[in-house]
Structure formats: C-alpha cells, structure tokens
**Student:** 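Attaching a single structure in structure tokens format; questions to follow.
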Amino acid sequence: MRRVYLDHSATTPVRSEVLDAMLPFLKEDAFGNPSSIYSYGREAKKAMEEAREKVANLIGAEPEEIFFTSGGTEADNMALMGTVAANEKKGRHIITSSIEHHAILNTAQYLKKKGFKVTFLPVTKEGLVQVEDIKKAITDETVLISVMHVNNEVGTIQPIKEIGALAKEHGITFHTDAVQSVGKIPVNVDDLNADLLSISGHKIYGPKGIGCIYIRKGTKINPILFGGAQERTYRPGTENMPGIVGFGRAAELAAKELDSEMERIKSLRDKLIEGIKERIPDVQLNGDLNNRVAINANFAFSNVEGESLLLSMDMKGICASSGSACSSGSVNPSHVLLAMGIPPKLAEGSVRFTLGRDNTEEDIDYVLENLPQIVEHLRSISAF
Amino acid sequence: MRRVYLDHSATTPVRSEVLDAMLPFLKEDAFGNPSSIYSYGREAKKAMEEAREKVANLIGAEPEEIFFTSGGTEADNMALMGTVAANEKKGRHIITSSIEHHAILNTAQYLKKKGFKVTFLPVTKEGLVQVEDIKKAITDETVLISVMHVNNEVGTIQPIKEIGALAKEHGITFHTDAVQSVGKIPVNVDDLNADLLSISGHKIYGPKGIGCIYIRKGTKINPILFGGAQERTYRPGTENMPGIVGFGRAAELAAKELDSEMERIKSLRDKLIEGIKERIPDVQLNGDLNNRVAINANFAFSNVEGESLLLSMDMKGICASSGSACSSGSVNPSHVLLAMGIPPKLAEGSVRFTLGRDNTEEDIDYVLENLPQIVEHLRSISAF
Amino acid sequence: MYSEKVMDHFTNPRNVGEMKDANGVGEIGSPVCGDTTRVYIKVKDNIIEDIKFKTYGCSAAIASSSMLTEMVKGKTLEEALEVTDEAVAEALDGLPPQKLHCSNMAASALHKAIEDYQNKNRKAS
Amino acid sequence: MYSEKVMDHFTNPRNVGEMKDANGVGEIGSPVCGDTTRVYIKVKDNIIEDIKFKTYGCSAAIASSSMLTEMVKGKTLEEALEVTDEAVAEALDGLPPQKLHCSNMAASALHKAIEDYQNKNRKAS
Ligand SMILES: Cc1ncc(COP(=O)(O)O)c(C=O)c1O
Ligand SMILES: Cc1ncc(COP(=O)(O)O)c(C=O)c1O
C-alpha cells in the first residue's frame, strides 16, 4: 500500500545528508566529549562549533547566541522560566497568546500557579494575534512577550516583526517560538526583533531530541537546568554530539533550499486545498489562507469525528493529524481551533495536513481519490 | 599512532549493535512521532515501550517507572527540583554529599539560594559517605536524600543500600545518581531502596542526549518541564526515538555482559594500578581501592600539573581526564579530591583513568611504557 | 492500539442506519467528548427483532455500537439489558484504557431505546 | 585549542633547568591556579647572557616560560623589561582566553629575577 505522510509539522524524517553527517559521531571515530582536552574531545568541539554556526546562519544570528537544548519544548520552557527568573525584580507579568504550543501554554500556566500574572491573548477567527491587543496588555510589570512565529495547527504566520518592535519600544524581552517557521519561511532574528527564539531539529529533517534557543547578546535570562559548564553554563549536560551535528547540517540545508522547496510544496498544498473543496461538501479551511506557511492545510469536515477520520485515512496509508501531535489520541478538541471561535464539534472534526520534501503530485492525487469516500462513509454512519 | 581511550567515565562510543538498533529511526522507515495515532506513530510507540522495558530490566524496575530524559543532568535536576516542588508543604531540607556530580551539586546550590536548607555531607579520605553522618543530618524538615551510587572521579561505591534503608525508615524520598554505576556493578532499585535513580545513555555505550529517571510508583515528584503529555506528562517534548531505542539496546547489552566484562576490565585496571605504582615514584591512588568500580583508577602524581600531564599523554594518543569532563579545561582542582582532604596541589596533579570495552592488554602496556617518561619529563621542568 | 475486532467493526460496522418503523429509539451524547450514538430497535414479542445505530464518534465508539447491536439482536429485552459495556469491550477483545468510556455510550443508548419502547408500550396497553 | 608554537614550546621547552651561578632569581605563583614559575638569569654588562626556568603549571604556562626565555636571551635588562605578557602570548601565536593569565606568570617571574639581580648589584656596588 502507498504511504502518504502528511504530518510534517509533527515530525520529519532525518534526511540522508543529515544522517551522513551524524554517523561519525555514532561510531568509534568521533565519539569524544567536547569538553575534554584530548584530541577526541577537540575534534568533537570543532564539529559542535561548526554546527552552531550553521544554525546561527539559518536565523541571521551570531554563533555565540545559539544554545543547544534537548528540543523545542526545553527551549520554550527556558525562554519563559529563564526570563522571569532573571527579571524577578523588574516585574511578574508575561504576555503570550492562546494559540501557543503546549510547551509555552503549560509553562505559562505553571508560572500563573506560581503567582505570576499571565495574559493569554485572543486571536481573530483567522487565527491571528492582533498587535493592538498586545499594546493594551502591556503594563509596567511586563517582563516578557512570547508569541509563536507560525502556529503548528493552522500554519498562520503571526505579525512577529510588529510585536517585536512593540516589545523593543517598551524594553520588554521578546520571545518567539519559531519551531514551525524555520525552514518554511525566512526567519531573521533582527528583522523579527526577537531577543529569544526557539527551534527544534526534528521539524526540519534533523534528528529528534535536539533544538536550540537563540539568546540575543545582552538579554537577561537564567538557565533552568544546573550542572556542568557546557553551553557557557546556560545548558549543562554532556552535549548530544550526533544530534548537534545533524541539527547543524539540517539547518544548513533548510537555509539553502527554502525558496525552491516551498514553492514546490505550495503548489501541491494548493492543489490539495482546491481538490478537497471541490470533491467534499461541507468542509471549511481553518485559518487564514494568505498568512500561512506553504506546508499547511487544516480542514474541518462537518459531522465527522477526527479520530475516526484519521484512523480511516491511516488504513489507506495516509498519515495526518488532528491538533498537535501530542494531544491527538486524547479527546479534547484543539485549543487553537477553539480560540479561533470554531465550534467544538467542528474542531473535533478537523484534520491537519502538513506537506514536506517527500510529497509528490501523486501523493496528492492519491489523497484526493480516497478522502471523499472516507468522509462520505463516516458521514453515513454519523448520528448527525 | 596508537590511540588508547581511557576516559570511559566521561563518555563511551556507541556500540555497533546500538547503532544498528538506532538506524531505522534515523531513516525514512521508522521516523514517526510516537504520539501519533497512525501506523508510523504506532510503530515508534511500540519500539519506545520495548526500550523502556529493557532499561527497566537493567535496574530491576517496572517499565512504567522509567521516564526518559535528555540525559543524566536533566534526571538529576528533576530528582532534586521535582521532589522539593512536590513536597513543599512537608519541608524544605535536603541532604546530599559534597562529592556529587555538578548536576546535583549545582542544583542543590540553586535550591539553597532559593531558601531551601541543604546539607552537603563530608566524605572520608577514601571518598566514602558515612551513614552515621546522614543519620545526624536528618530533621523533620528533610524531604530528600540524594547520594550518588558511584563517584565519577574516584569510582568509589557508596553505601547506598544502607542510606536508602535509613531514608525509608524516616519516610524520606531517596535518590541516587547511578550514572556511573549502571553497567559497572549490579544495580537493583529494590535492593538499593531507591525511590528515584538517574541513568545516562552515553556512559553505557548508548547515544548522548538520552537518559532516564526511575521513579518508584507512589513517589511524590513534579515535572520540571512543561508542555505536551509525553512520558505520562512527566516529561514533555517529542520523544528522542533514535536515542531511546539506542539507550534501550545499550541497557540490554550492559545487563547481559556486566559480569564477564567487568572481570576482564578489573584485571586490566589492576595491572595499570600496579604498573604505575611500580614504575613511577611519588604517586598515590586516590580513593578506596576496594569499594570501587572496576573501570576506575585515579592517581595523584606529585609535582606535576594535571593539564600538562593530560596534554602530554594526548600527544602519545592516551586519552584520560582530570576531574569530571565538564570541568577539565578549567583551572579548579577537583571538588571531589578536595572533599577527600587531598591537598590542592596534589589534586591538581591527579588524573582519572577509566577503562572500557575497547581496552586491551596492549593498551595498558602502552600506557605503562609511555607514562613514566612523561611524568619524569614534566617533573624535570617543574618548579617544585 | 486497537484490536483486530475493533478495526473490523469500525471499518465494516454491522447494523448501521436509521429505521423508519422502529418502536424504540434512544440517543446518548457523551459528556466527555461530544460523541453521540442513536440506537433504533424493533421489538416484537419482547424480542429485539431488528436493531440499527448511527454514531458520531471515534473508532472505538463506532465499533462498540456495531458490536452491541450484534450482541443483542434476537435477544429478549431482559437479556439485552444485561449486556454491559464491559461485555461489549470484552467482545471487542478489549479497548485502550482512555477509550473505555466509549463502550459505555452504546449500551446506554440501547437502554434508552428499550425504555422508550416500554414507555410507548405502556401507554398503548 | 593550542597553536603549533605553543605545542612546540610545551613539548620541547627551551632553556629549562636550574642555574648554579645565576645572579638573579625570581619566582612567582599564580593566585588563580597555584602554578609556579622560577626564572634564573645570568647578567653580564647589563645583558642577559643566560636564562633558565622551571615551571609547575599547565602547558600554556610552560610554553610561555619557554618562549619568554628565548625572547629575552641576549637582550639588555631594559629591553627585557619591555617584553610584555601580551608579546609572549603573541609570539606563541595566541593563547585561549582562559589561558591568557598564564603568559603573565613568565613575564612576572622575569621581572622579579631582574629586580633580584638589581638589588644584589646595588648592594654590591
Ligand atoms: C510550535 C511548536 N513549539 C514547540 C514544539 C515542541 O518541540 P519538541 O517536540 O521538539 O520539544 C512543537 C512541536 O511539537 C511545536 O510545533
Ligand atoms: C555521576 C554523574 N552524574 C551525572 C552526569 C551527567 O550526565 P549527562 O552528561 O549525560 O547529563 C555525569 C556525567 O557527566 C556523571 O558522571
């Protein structure tokens, strides 16, 4: 059976070029600990610094501003918890949006429980944060604004540049979760006015278990983990060398191929959107069509429940997801769709398709051939 | 030139069997996100649970008691911070030793700064924590005792079973950092009376960037990172599949080969110790010889400075370290040796040799041939 | 994740549909997830002669409905009322823990349909 | 990490040793790391005719001592005093930032040795 993977926002396969770069560090040749002074260690250290430079290049940063973490989640946690810890004297208010990934949302909720004030901004029905709302939310106590660059469920691109400018104007640290934007749209920390920015390796065809936080020089932030002096004391623990090197290579390739690859994917994605609209009645595209990354299409199929739709698609070899990967399997409709004002039942019948390097024209044809029947079948069973 | 790697306590190469287990998860075949409901995801989930079982088997635990982390450092941080957070109402005192790894020490220092009471236990000149000292340190406020199983610098085996029994008697959570003991001596969480236990993958021929914390059923502990519902909400973030699977395989092999391999290594290590004592004057073995893992030899060479000794050895292809990997390169003599009452200058002239799977009789001969000249040369330069 | 039985009943659900001449109808919506099951029965001489269902819900909910209808078809009302959600889940070779509540829905909808039939019948007699 | 020059001077340090007939000796211990350098000089007609050193310390400390002795041998005392630690580090093609303080030690020990020579000389004259 054909397998059509349309869940690239959940995770991506490691590219063969990336694996090639990693392999020496998974073998006897180059397994050293980069903190060691002997040759094995020095070689590892050199490779690590090269990778750091590649990641920095992807976002227009300096290598010294990149700190490797275990992934996007840790980077997000550090952005929030590290910033409030470093600014305790200044204030205890942070602003974020209601459509962030759980790595931000749940950390913000934790801080709220600890007595911090947290503003969760609403979004428009297109899934966009409004700069005006942030203006209104800022107080003298505000120490951090964190708004994601691209939403993981509906792919909407937030007005980060403007939000960043506003934060700068008020002397407030600005973080953006760029896990879903790097490799999909140009990301430049200076253009975006970002002080802190999170990236995850496995979303850009790098390995899982590695990511980074960009920390603009001079930004006040504390580490959240304690131990050895790695990552200039910002992130202790023996460095994940294969992960770091793979992440570096993935970043390098993502930067190089961004334009051509996204153009190709956009035309496939648009074909998918048009095809679904044409062939399936009572569907609705969730999220703004224009302010949206090229890989994302998110549809609400009325009177169809998401899990049974996903499972039926899987039986045809089509992999997609409802909401963020970590909450599918659970019974809650997506917090993002609800925040956009989509009724719970429609939110529950929503599916996210996210395209990637491996997808072809034939993949899309295959989906358009099979999906209508699947939806029709489930609707024929449905109690509504 | 021959390369003799004698720094297996810093890190170990990934075994080829481990790499083989990891490879499918670094290729297109099995890259899924284990939280996804479709086939790719379910396959990943299955592999993850198998790995969990293998790690559990290594320490006599149930699979549901194993929670994957990004390494030993994160596990140690979680043990301390997660326990005090979950026991805030009960008390604010923790007990640890002065020879812990920095992942424990610096976390304990952080907690101290936050207003917690922390007792750093002294050790004997052989490098052993005394159960009597713990008895005296326990108060009504004590919520956690954390003592490492095996010290990373001198390899001493601590009286964990007794400490654990004491903790149990007082209803205090007991954590042991077993990063340097698993794979070297038998580790069984029930025998040790451990409620929490840390392991790191790359110390047992698994990959870097993966580890776990064992949490005995019923132990009160909070997560320290927030986000998705992975690891039953104890540790969010997309799972590091290749890392997890590699860790699982490494754990399986470590359990199987423990006895035979350690017997072989012990005889090599003893040969190294005897040879150094015979051939080099004014040396002293740091740490108890008997309560010690088989892989470790730690020598103080008087009137020789550690860094220049390490570098001279490196030029002969011999890789060793002074103190813990993350602090070599820095100028401070080891906190462990100082805590054992070794004078700073002797501590500075100390080198840790840690043997591993790849070492042979010839490696030891090579070291014994070259080391005397190196030490002699440096002593001939030395101002003392 | 799901047993083969669940997958079979999910992909080829038995007794799906509406029933024009039903003499009992029951509907239940899960408070947990908004899923909804409607069960139609045709009872004659105290026996469930025919049964149909419609379900909006996850695969476990659909499979449970399908399995239940098979289990009670041809049974007396008393026998049918004894079929518990556990029995449905068991007949499906088990359900994942977080999906157990789904088997609940099917049995509850059936109970409501029987109640509906009995209410109507009482009035009629 | 280290330049080739550092490695060369570390492995083959020049002018190592003690000097029986030195007329100036200076010793300095680094407060940072306990490293110690002792410099012996033989001065004749205001010129450093011979120089030796002994160093307990890291490779950078040893290489710096060695490089310094080469740089000042044959120079007048005034010229020798002008050789700064930066100059030593530069002559070694640089040192890692955390090791810069090591080059300090060599120059300081030399300054002490010159001082010692001048003190003795003053008394003698
Ligand atoms: C927007 C966003 N932020 C953060 C994360 C977390 O990244 P990771 O799973 O690598 O920890 C994800 C992906 O799950 C994401 O989509
Ligand atoms: C005793 C001990 N604990 C914790 C750690 C930290 O492990 P990791 O470097 O995998 O985070 C180490 C190794 O560096 C160690 O030796």
Side-chain angles (χ1 to χ4, degrees), chain B residues 1 7 10 280-283 300-323 325-335 337-338 341-351 370-384, chain D residues 1-4 6-19 22 25-40 52-69 95-106 108-110 112-113:
Chain B
M1 188 178 64
D7 202 13
I280 306 179
D282 295 323
V283 299
F301 298 89
S302 57
N303 291 341
V304 177
E305 192 273 346
E307 194 253 21
S308 51
L309 183 50
L310 290 183
L311 201 65
S312 303
M313 293 199 300
D314 181 41
M315 287 160 55
K316 293 281 180 191
I318 304 167
C319 303
S321 75
S322 64
C326 53
S327 61
S328 68
S330 92
V331 289
N332 301 318
S334 144
H335 68 280
L337 300 182
L338 295 183
I342 292 172
K345 211 160 93 12
L346 260 191
E348 248 186 58
S350 290
V351 169
N370 286 281
L371 191 56
Q373 290 162 17
I374 292 172
V375 172
E376 200 182 293
H377 172 70
L378 288 172
R379 281 180 177 165
S380 77
I381 301 177
S382 174
F384 296 113
Chain D
M1 173 162 130
Y2 288 123
S3 70
E4 273 176 41
V6 172
M7 291 310 288
D8 176 32
H9 278 266
F10 168 56
T11 18
N12 306 301
R14 332 292 200 251
N15 306 307
V16 175
E18 319 214 339
M19 199 191 286
V25 181
E27 179 176 307
I28 190 131
S30 157
V32 187
C33 53
D35 290 3
T36 300
T37 290
R38 192 158 57 244
V39 167
Y40 304 83
K52 296 264 184 225
F53 81 92
K54 283 253 187 165
T55 290
Y56 166 89
C58 68
S59 39
I62 292 170
S64 298
S65 304
S66 164
M67 176 54 87
L68 177 81
T69 59
L95 285 172
Q98 78 275 21
K99 291 291 184 182
L100 270 178
H101 70 275
C102 299
S103 61
N104 227 314
M105 258 192 9
S108 302
L110 173 65
K112 281 209 170 179

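Throughout, protein chains are lettered first and strands after them, A, B, ... in sequence-line order, and every chain is numbered starting at 1. Below, all heavy atoms of this structure are taken into account, side chains as well, without hydrogens, waters or symmetry copies.
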**Student:** List the atom of B:Glu305, the atom of D:Tyr56, and the distance in Å for their closest heavy-atom pair.
**Tutor:**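 Taking B:Glu305 first and D:Tyr56 second, the nearest heavy atoms are N-CE1, 3.5 Å.
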**Student:** Name the member of D:Arg38, D:Glu27, D:Glu18 that forms the most heavy-atom pairs with chain B at distances under 4.5 Å.
**Tutor:** D:Arg38
**Student:** Taking all heavy atoms of D:Ser59 and all of B:Ser308, pick out the closest pair and write down the distance.
**Tutor:**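 What the structure gives for the nearest pair is N-CB, 3.7 Å.
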**Student:** Please find the pair of heavy atoms, one from B:Ala383 and one from D:Lys54, that lie closest to each other, and give the distance.
**Tutor:**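 Taking B:Ala383 first and D:Lys54 second, the nearest heavy atoms are CB-O, 3.5 Å.
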**Student:** Let me see the working for B:Ile381 and D:Phe53 under side chain to side chain contact (heavy atoms under 4.5 Å, CB included), right down to the final yes or no.
**Tutor:** CA-CA 8 Å; B:Ile381 301 177; D:Phe53 81 92; 4.0 Å; yes
**Student:** Under 4.5 Å, heavy atom to heavy atom: which of residues 6-15 of chain D reach chain B? Give them by number, or say none.
**Tutor:**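 Listed by number, the contacting residues are D:Met7, D:Phe10, D:Thr11, D:Pro13.
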**Student:** For B:Lys345 and D:Asp35, indicate whether the former's side chain and the latter's backbone hold a donor-acceptor pair under 3.5 Å.
**Tutor:** no
